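A short worksheet on the structure shown next.
As the structure is a prediction and not an experimental result, all values here were calculated from the model. Below, all heavy atoms of this structure are taken into account, side chains as well, without hydrogens, waters or symmetry copies. Numbers restart at 1 for each chain; the letters A, B, ... are given by sequence-line order, proteins then strands.
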2 protein chains.
Amino acid sequence: MTDSQSSTTRPATISDVAREAGTGKTSVSRYLNGETHVLSVDLRQRIEAAIARLNYRPNQMARGLKRGRNRLLGMLAADLTNPYTVEVLQGVEAACHALGYMPLICHAANEVEMERRFLQLLTTYRVEGLIVNALGAEEDVLRPLRGAGIPAVLVDRTVEGFEADLIGLDNTDAIETALAHLVAQGFDAIHFVVQPFEHVSSRRVREAAFRAALAARGLAVPSTVVLDLNEPGAAAAALADVDARIDDAARRGVRAALFAANAPVALAIARHLRARFGAAWQQQAALLSIDDPEWAELIGITTIRQPTYEIGYKAVEFVHERIDGAAGDVRVAMLPGELIARASTAS
Amino acid sequence: MTDSQSSTTRPATISDVAREAGTGKTSVSRYLNGETHVLSVDLRQRIEAAIARLNYRPNQMARGLKRGRNRLLGMLAADLTNPYTVEVLQGVEAACHALGYMPLICHAANEVEMERRFLQLLTTYRVEGLIVNALGAEEDVLRPLRGAGIPAVLVDRTVEGFEADLIGLDNTDAIETALAHLVAQGFDAIHFVVQPFEHVSSRRVREAAFRAALAARGLAVPSTVVLDLNEPGAAAAALADVDARIDDAARRGVRAALFAANAPVALAIARHLRARFGAAWQQQAALLSIDDPEWAELIGITTIRQPTYEIGYKAVEFVHERIDGAAGDVRVAMLPGELIARASTAS
DNA sequence: CTGTTAGCGCCTTCAG
DNA sequence: CTGAAGGCGCTAACAG
């Protein structure tokens with residue numbers, strides 16, 4: 001009984017298996033690649049036994065080197081702290097599983113430098129495709145991909161000057177649905193709150209759609225509140241602005257409604273209002289948010305839930321097709337959101 | 001001007017660079033590996049230029065194949081939905097960056113099958129080390145690692161029969177601190193709620209520590225409530241049990257305190273109590289939880305915050321040392337938690 | 001200082 | 001049905 005599994009032994013190679021099975025590497029390779037019908041039963045069994053005995057696992061790296069493809073699929077996430085991202089991730093993982101890819105997840109943690117670095121890495125590891133939830137609009141950060149000829153699909157946001165398939169929420173429709181709900185509930189002082197949006201396409205679209213939807217109804221369009229969560233000072237000012245609008249409405253005897261462009265914004269607002277008004281803050285202002293984080297139900301916030309799983313799944317299908325050589329125009333898939341009405345917007 | 005960056009061109013190789021620079025592959029390799037002082041200024045510049053011109057990036061796979069190490073570090077996460085995991089991840093990423101590893105993140109999404117599959121994959125990709133936040137206690141799932149001689153470090157939980165470095169929260173101390181807080185606030189009907197814990201060491205330790213801490217104070221030790229979040233039926237029963245205890249205490253004119261073993265449990269409880277008592281549910285029962293998710297502050301829940309970032313960072317340092325050949329006994333690092341007192345446990 | 005020569009582990013013609 | 005030989009992109013002795 002040889003100690004073939006000792007942790008000091010270096011992993012068995014295909015040659016080891018061949019020797020152990022008393023055959024050549026070619027046959028082992030054939031076995032590994034499922035060309036099992038080309039092998040005599042006897043040989044196949046010997047190989048099987050040898051593999052088991054040596055606890056052999058083919059080295060993917062070597063395989064990739066030879067075949068020119070390694071089944072690695074990169075996923076660059078801007079912010080895993082955002083539940084949205086994790087949910088998308090689940091779809092990505094499921095699709096990777098189904099299509100035989102190994103997802104290589106990289107988390108930029110909201111830092112452009114990280115994003116750049118990971119993109120480099122992903123490139124040097126020769127991932128076959130990439131799913132990008134980009135941080136900034138910097139097209140040059142994505143340039144390496146072009147050079148390496150790695151197909152990419154954008155999730156949630158486009159990147160200025162970077163042509164690629166895009167998949168995300170149908171923002172215009174989502175905003176329209178949400179606004180219709182608010183209006184139906186009788187709100188007329190509705191304020192849009194969003195993180196700095198010039199450089200993030202989805203935020204830009206949402207903001208524009210909100211204004212358009214308001215205008216289409218002949219309602220006044222209050223200025224958009226920009227809430228920069230990365231700048232404490234600016235954030236405080238923005239929240240003060242929110243406060244003012246709430247007070248304004250209150251003076252007119254109405255309850256203001258706040259429309260958060262995404263969950264992080266909604267959380268910041270909720271925290272602030274709770275600090276200001278106490279646990280019963282929702283009596284002072286209504287809140288609606290795009291994204292449906294776990295705490296939304298906990299405190300009864302109306303939301304637009306994104307089809308996150310589908311977004312992730314489809315994203316992988318898109319790159320997969322590109323990897324398989326699909327040429328053709330850039331595709332855009334905009335999936336519909338779903339309104340989850342809760343107490344925060346009850347009239 | 002050649003179209004060296006066209007997306008149809010296959011990535012440049014070291015040979016291409018050598019040819020372009022009019023030299024041999026060796027020199028290029030030396031350049032890549034920073035042995036820059038061994039090269040004549042002229043040659044170095046030619047290589048530099050060639051690399052830039054061809055937009056060359058060394059193929060990590062090939063490097064890894066040759067050197068026997070690929071700088072890949074696996075991280076197997078049981079549940080990215082749990083904020084704890086994401087926070088640990090941030091520490092892992094930072095440490096990987098600092099030590100020159102590429103983190104390969106795998107998400108088992110609470111499915112043992114996934115866990116097994118990823119472990120296989122990680123093995124075939126020959127990651128140099130692995131950080132495991134294991135799902136179950138199945139030692140055999142981790143067996144492949146042994147066979148491949150891949151060093152691993154466990155995060156948060158041990159695995160029966162699997163010897164490896166461990167890093168996580170000092171559960172005993174955390175429980176003691178939290179309980180002391182509750183007692184100081186005047187609570188005496190304190191109930192521990194935890195997911196099925198036989199197979200998860202951290203839960204087991206917490207449960208035991210809770211009972212011990214209670215007993216040490218001469219207080220009665222109510223039976224532990226087991227809340228299985230994956231079994232709707234069982235979960236409902238457990239929550240009914242919680243209800244009964246709250247009612248019991250109420251009959252005695254006191255407010256029961258619920259001690260959640262982690263954030264998912266706390267969330268389930270909070271949701272349930274809100275559904276039962278409405279927004280003011282906290283007047284009916286106190287709640288304290290280990291883990292400090294973002295919504296804890298939002299609704300004012302007292303928590304024990306884990307040093308998640310440090311846990312992740314140190315985990316990487318641990319494997320790194322093992323990869324570097326450090327032998328020696330299994331190490332255990334238990335980091336202290338921090339009590340964040342909020343309104344939910346005010347007396 | 002620089003280039004030549006072997007492989008790393010695997011797959012893929014191409015002959016048996 | 002089976003095996004030997006060559007090469008994927010890169011590094012690591014060896015020579016110059």
Next item on the list: Determine whether A/Arg57 and B/Tyr125 make a side-chain contact, defined as any pair of heavy atoms from C-beta on separated by less than 4.5 Å.
Entry: no

Note to self: Using whole Å, what does the distance between atom P of nucleotide D/dG9 and atom CZ of A/Arg126 come to?
What the structure shows: 9 Å

Margin query: Looking at A/Glu321 and A/Arg331, is there a salt bridge between them, counting it only when a charged N and a carboxylate O are closer than 4.0 Å?
Written below: yes

Next item on the list: Rounded to the nearest angstrom, tell me the gap between atom CD in A/Gln60 and atom P in D/dG9.
Entry: 18 Å

Check: So what does the secondary structure string of DNA chain C come out as, 5' to 3', with Watson-Crick or wobble pairs under 3.5 angstrom, [ ] for crossing and | for pairs with another strand?
Finding: ||||.|||||||||||

Notebook entry, point to check: Of all the choices, C/dC1, D/dC8, C/dT13, which nucleotide is nearest to the side chain of A/Arg30 once you look at every atom?
Noted result: C/dT13

Margin query: Between A/Ser27 and D/dG3, is there a contact of a side-chain N or O with OP1 or OP2 at under 4.0 Å?
Written below: yes

Next item on the list: Using a 4.0 Å heavy-atom cut-off across all strands, classify A/Ser15 as base, sugar-phosphate, or nothing.
Entry: nothing

Next item on the list: First locate atom CG of A/Leu145, then atom CD of A/Gln120, and finally report the distance between them rounded to the nearest 0.5 Å.
Entry: 10.0 Å

Check: Of the candidate nucleotides C/dT2, C/dC11, D/dC1, which contains the atom at the shortest distance from the side chain of B/Ser40?
Finding: C/dT2

Check: Between C/dC10, C/dT2, D/dT11, which nucleotide has the shortest distance from any of its atoms to the side chain of A/Ile14?
Finding: C/dC10

Check: B/Ile47 CD1 to C/dT2 P: how many Å, rounded?
Finding: 8 Å

Item checked: Out of C/dG7, C/dT2, D/dG9, whichever nucleotide has its closest atom nearest the side chain of B/Leu39 -> C/dT2

Next item on the list: Send over the distance from B/Arg19 CZ to D/dG9 P, rounded to a whole Å.
Entry: 11 Å

Item checked: Heavy-atom check, side chain of B/Thr23 versus side chain of B/Leu43, under 4.5 Å -> yes

Margin query: Side chain of A/Asn33, heavy atoms from C-beta onward: which of C/dC11, D/dC10, C/dT2 has the nearest atom to it?
Written below: C/dC11

Item checked: Nearest-nucleotide pick for A/Leu43, side chain only, options being C/dT2, D/dG3, C/dG9 -> D/dG3

Next item on the list: Using atom OH of B/Tyr125 as one end and atom C1' of C/dC10 as the other, report the distance to the nearest whole Å.
Entry: 14 Å

Notebook entry, point to check: CZ of A/Arg67 versus P of C/dT13: gap in Å, rounded?
Noted result: 13 Å

Checklist line | Heavy-atom side-chain contact between B/Ile131 and B/Val92 under 4.5 Å | finding: yes

Checklist line | Centroid separation B/His107 to B/Phe118 less than 6.0 Å | finding: no

Check: Roughly, in whole Å, what's the span from CG in B/Asp16 to P in D/dC10?
Finding: 9 Å

Item checked: Length of the line joining B/Lys25:NZ and C/dT2:C1', which is rounded to integer Å -> 15 Å

Notebook entry, point to check: From the list C/dG9, C/dT2, D/dC10, which nucleotide is the closest neighbour of the side chain of B/Arg63?
Noted result: D/dC10

Next item on the list: Look at all strands and tell whether B/Tyr56 reaches a base, only sugar-phosphate, or nothing, counting heavy atoms closer than 4.0 Å.
Entry: sugar-phosphate

Notebook entry, point to check: Side chains of A/Asp156 and A/Ser202: do they bring a donor and an acceptor to under 3.5 Å?
Noted result: yes

Notebook entry, point to check: Side-chain donor or acceptor of B/Lys66 under 3.5 Å from a matching atom on the base of C/dG7?
Noted result: yes

Note to self: If you go through the side-chain atoms of A/Thr26, does one of them form a donor-acceptor pair with the base of D/dA4 closer than 3.5 Å?
What the structure shows: yes

Item checked: Which nucleotide in D/dT11, D/dC8, C/dC10 has an atom nearest any side-chain atom of A/Thr13 -> C/dC10

Next item on the list: Quote, to the nearest angstrom, the P distance that separates D/dC10 from C/dC1.
Entry: 25 Å

Check: When the C1' atoms of C/dT5 and D/dG6 are considered, how many whole Å apart are they?
Finding: 15 Å

Checklist line | A/Leu154 versus A/Ala164, closest heavy-atom pair with distance | finding: CD2-CB, 4.0 Å

